[in-house]
There are 2 protein chains.
Amino acid sequence: MRIGELAARAGVSVRSLRYYEEQGLLTSTRSAGGQRHYTQDDVERVAFIQRLYAAGLSSRTIIELLPCLDSPSDENSDAAMERMAKERDRLSAHIEDLLRTRDALDVLMVAAQAHRDARQTAA
Amino acid sequence: MRIGELAARAGVSVRSLRYYEEQGLLTSTRSAGGQRHYTQDDVERVAFIQRLYAAGLSSRTIIELLPCLDSPSDENSDAAMERMAKERDRLSAHIEDLLRTRDALDVLMVAAQAHRDARQTAA
DNA sequence: CTAAAACCTGACATCAATGTGAGAGGCAAG
DNA sequence: CTTGCCTCTCACATTGATGTCAGGTTTTAG
């Protein structure tokens with residue numbers, strides 16, 4: 001498929017796909033005319049990349065992890081493993097932080113609701 | 001306390017504190033010479049702001065929530081409540097996403113570990 | 001064959017929070 | 001008063017992913 005279709009299927013902009021390639025996160029075969037062609041697998045790959053972006057990883061970090069996804073029989077596994085463990089920890093910490101933040105929001109909301117109820121009762 | 005001390009206590013840069021004020025997230029009293037003075041409460045406030053930033057809220061969004069923190073007996077409660085509910089939902093969804101991402105990372109790590117073990121056994 | 005639609009490269013724009021530097025002034029200790 | 005540190009404002013730079021525009025080429029539909 002061409003870049004437009006991949007963009008549509010993966011829910012990403014065409015611009016982003018070209019950027020991913022520029023960053024080395026995604027590769028493509030080229031037609032005689034120079035247009036990028038992708039396979040079905042790339043849809044999943046892009047989705048995974050997006051997931052890692054959403055998790056706060058940078059292109060640079062993602063690129064260190066991808067070899068592990070591409071060729072699990074690589075020597076890079078050692079370095080990648082270390083990196084993944086590190087990012088996993090960071091992610092866990094971030095999740096914990098978000099949970100605490102959500103709790104804090106809940107507290108605020110309960111307080112606001114209580115105020116609203118009080119006003120309602122008074123009215 | 002002056003801005004430098006608040007920055008140190010809250011673990012934020014002086015620049016950021018001035019930015020928060022510029023965005024209306026933080027207020028200060030000024031000395032005769034124009035220097036900002038803060039109270040102990042501001043340390044907590046800055047920590048809370050940081051927490052919301054980490055949760056992906058923008059200054060604009062935070063500013064809509066803060067009135068609710070400042071004066072829980074405000075008319076703004078209605079709008080703020082709505083906003084908080086919305087952000088809470090977004091936050092929950094984001095947390096779910098991060099959990100799935102962490103699971104995906106775990107899967108990758110298990111695969112990598114399996115490969116490493118296989119290599120170890122072979123050697 | 002031709003026109004429309006999709007694609008190409010390259011460059012500049014954007015956003016938000018923060019860094020950084022200049023030049024000037026405040027404030028406390030000696 | 002002076003020295004040194006902190007602070008002030010203003011303004012421009014940075015980062016990273018993405019938007020957008022321009023000018024040109026490829027592909028596809030009719």
Side-chain angles (χ1 to χ4, degrees), chain A residues 1-39 42-43 45-66 87 90-91 94 97-98 101, chain B residues 1-39 42-43 45-66 87 90-91 94 97-98 101:
Chain A
M1 78 190 78
R2 288 191 292 169
I3 198 171
E5 189 174 348
L6 175 58
R9 291 203 195 180
V12 183
S13 74
V14 167
R15 175 69 174 88
S16 293
L17 293 179
R18 288 199 268 250
Y19 176 73
Y20 297 165
E21 179 168 322
E22 185 185 317
Q23 298 302 307
L25 306 181
L26 186 64
T27 55
S28 60
T29 58
R30 297 296 187 113
S31 73
Q35 299 199 345
R36 294 170 177 84
H37 282 185
Y38 300 94
T39 72
D42 291 320
V43 179
R45 186 185 184 90
V46 170
F48 187 61
I49 290 172
Q50 283 276 302
R51 187 169 289 291
L52 293 182
Y53 270 131
L57 307 214
S58 68
S59 296
R60 208 161 305 252
T61 304
I62 296 176
I63 214 175
E64 295 185 54
L65 267 47
L66 285 183
E87 289 303 327
R90 199 191 52 73
L91 188 48
H94 187 49
D97 191 43
L98 292 189
T101 302
Chain B
M1 79 189 79
R2 287 190 292 170
I3 199 171
E5 190 174 347
L6 176 58
R9 290 203 195 180
V12 183
S13 74
V14 167
R15 175 68 173 89
S16 293
L17 292 180
R18 288 200 268 251
Y19 176 73
Y20 297 165
E21 179 168 321
E22 184 185 316
Q23 298 301 307
L25 306 181
L26 186 63
T27 54
S28 60
T29 59
R30 298 295 187 114
S31 73
Q35 300 198 345
R36 295 171 177 84
H37 282 184
Y38 300 95
T39 71
D42 291 320
V43 179
R45 186 186 184 91
V46 170
F48 187 61
I49 290 172
Q50 283 274 302
R51 188 170 288 289
L52 293 182
Y53 269 130
L57 307 214
S58 67
S59 297
R60 207 162 305 252
T61 304
I62 296 176
I63 213 175
E64 294 185 55
L65 267 46
L66 285 183
E87 289 302 328
R90 199 191 52 73
L91 188 48
H94 188 49
D97 193 42
L98 292 189
T101 302

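All chains are named by letter (A, B, ...) in the order of the sequence lines, taking the proteins before the strands, and each is independently numbered beginning at 1. Excluded from the calculations below are hydrogen atoms, water molecules and symmetry mates; all remaining heavy atoms, backbone and side chain alike, are included.
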Table of protein N/O atoms under 3.5 Å from nucleotides 21-27 of chain C N/O atoms:
from   : atom 1 : to      : atom 2 : distance (Å)
C:dC27 : OP1    : B:Ser31 : OG     : 3.1

Could you state the atom-to-atom distance from [atom1] of [X] to [atom2] of [N] in whole Å?
X	N	atom1	atom2	answer
A:Tyr19	C:dC8	OH	P	18 Å
A:Arg36	C:dT9	CZ	C1'	9 Å
B:Tyr20	C:dA16	OH	P	15 Å
B:Leu17	D:dT9	CG	C1'	16 Å
A:Glu21	D:dA17	CD	P	16 Å
B:Glu22	D:dT7	CD	P	18 Å
B:Ile3	D:dC8	CD1	C1'	10 Å
A:Arg30	C:dA6	CZ	P	19 Å

Whichever of B:Arg60 and B:Ser13 has its nearest DNA chain C nucleotide further upstream toward 5': B:Arg60
message: Closest-nucleotide mapping onto DNA chain C: is B:Val12 or A:Gly4 further toward the 5' terminus? I mean the 5' end.
response: A:Gly4
Is the distance from OP1 or OP2 of [N] to the nearest side-chain N or O of [X] less than 4.0 Å?
X	N	answer
B:Ser16	C:dA17	no
B:Arg18	D:dC8	yes
B:Ser59	C:dA17	yes

- request: In sequence, state the C-alpha distance, the side-chain angles, and the governing distance for A:Arg9 and A:Glu5, and then conclude on salt bridge (Lys or Arg N to Asp or Glu O under 4.0 Å).
  value: CA-CA 6 Å; A:Arg9 291 203 195 180; A:Glu5 189 174 348; 2.4 Å; yes
- request: Run the ring-centre check on A:Tyr53 versus A:Tyr20 and record whether the distance is less than 6.0 Å.
  value: yes
Polar side-chain atom of [X] near backbone of [Y] as donor-acceptor pair, under 3.5 Å:
X	Y	answer
A:Arg36	A:Leu17	no
B:Thr61	B:Leu57	no
B:Ser16	B:Val12	no

task: Pick base, sugar-phosphate or nothing for B:Gln23, based on heavy-atom distances below 4.0 Å to the nucleic acid.
output: nothing
Euclidean distance, A:Leu66 CG relative to A:Ile63 CD1, rounded to 0.5 Å: 7.5 Å
statement: Contacts of A:Arg30 meeting salt bridge (Lys or Arg N to Asp or Glu O under 4.0 Å) (sequence neighbours excluded), chain-then-number -> A:Glu21
message: Between D:dT20 and A:Arg15, counting only base atoms on the nucleotide and side-chain atoms on the residue, is there a donor-acceptor pair under 3.5 Å?
response: yes
